[in-house]
Amino acid sequence: MTLHLSQPPAGALRAALSALAPEAALSPPSAAVLRRGAGRPRPLLALPVHALRGPAPRLAGADCTGWRFLLSGGDAEDAAPAPCGHDGCTGGSRSADGGPEYGPLAVGEFTEEGLDGVVASAEVVNGPDGPVFSHLSAGPFLDSTVRALRQAWQLTHGTPVRYEPRLLPLPEHYASALWLHGGQPGEDLLIPLAPSPLGVAAHQALPAAELLARLERSPAARPTALIG
């Protein structure tokens, strides 16, 4: 088995697409992210975001707070069709004339295809009335996320365990990690993302229990950078 991308809720995808529409009213920082790219980006894949809080965090207490969509700068016409896991659905949106508006969202078995074209990410959070768009971002943290996905694929490809990649913010430590969630206790892995003020080098994959035990013994980190 290998990495397995989950299907995000339809409302989360709609929230991300609404923010990418030409007529969308965005905050100045999010609008600046779009201006740096050529053309309108499209969702390539989505990662669930699970917040882990407290001085002695436990993965069992990490609630899903939203979804982060990695956005590709490639043209929709260049996207290879792929099934979304729903009967009769390719995962793509339709324009007013019935043509595809963006390529299908990658779900199911993860491959590295398309990662070279990632230019930004769109954050969608769970609100009281459903998923709500939060912001667009780009830069070193996004680059570290893409690098960690490549690393995770290399680590898990051909293993008997199926892992689900998740993003795991660690607010008390001003850091985040890519969480590879396995099916059985003890299988979970964490890959700290850069910057990593955790006393652990960024992109050093560790068993989740080992890294969390280190965090429990260490004081909260000083704020050194935004954590995406």
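What's counted below: heavy atoms across the whole structure, side chains too, no hydrogens, waters or symmetry copies.
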Ionic contact status for Arg150 with Asp116, cut-off 4.0 Å: yes
Smallest separation among heavy atoms of Leu211 and Pro192, with atom names: CD2-CG, 4.1 Å
Thr159 and Thr2, any side-chain heavy atoms less than 4.5 Å apart: no
Modelled atom types, side-chain donor and acceptor of His203 and Ser144, under 3.5 Å: yes
Report yes if some heavy atom in the side chain of Pro165 is under 4.5 Å from a heavy atom in the side chain of Leu5; otherwise report no. yes
Closest non-hydrogen atom pair, Ser134 against Val125: CB-CG1, 4.0 Å
Note, Thr145 side chain near Ser121 side chain (heavy atom, < 4.5 Å): no
Distance-only side-chain donor-acceptor flag, Glu123 / Ser137, under 3.5 Å: no
Asp188 side chain to Ala209 main-chain N or O, any donor-acceptor pair under 3.5 Å? no
Any heavy-atom pair between the side chains of Pro43 and Leu13 that's under 4.5 Å? yes
Taking every non-hydrogen atom, the tightest pair across Glu187 and Tyr163: O-CE2, 3.1 Å
Could you measure the distance from the CD atom of Glu210 to the CG atom of Leu189? Nearest 0.5 Å is fine. 10.5 Å
Taking all atoms of both residues into account, what is the closest heavy-atom pair of Trp67 and Ser6, and its distance? CH2-CB, 4.0 Å
Please step through side-chain contact (heavy atoms from CB on, under 4.5 Å) for the pair Leu167 and Leu178, ending with a clear verdict. CA-CA 5 Å; Leu167 286 172; Leu178 183 68; 4.2 Å; yes
Any side-chain heavy atom of His4 within less than 4.5 Å of one from Phe110? no
Under a 4.0 Å threshold between the charged nitrogen and the carboxylate oxygen, would Arg166 count as salt-bridged to Glu164? yes
So, do Thr111 and Leu3 sit near enough that their side-chain heavy atoms are less than 4.5 Å apart? no
When you measure from the side chain of Ser30 to the backbone N and O of Leu26, does any donor-acceptor pair fall under 3.5 Å? no
For the residue pair Val161 and Gly183, what are the closest heavy atoms and their distance? CG1-N, 4.4 Å
Heavy-atom nearest pair, Leu136 first then Ala122, reads CD2-CB, 3.5 Å
Any side-chain heavy atom of Phe69 within less than 4.5 Å of one from Leu45? no
Considering only heavy atoms from C-beta outward, does the side chain of Leu44 approach that of Leu71 to under 4.5 Å? no
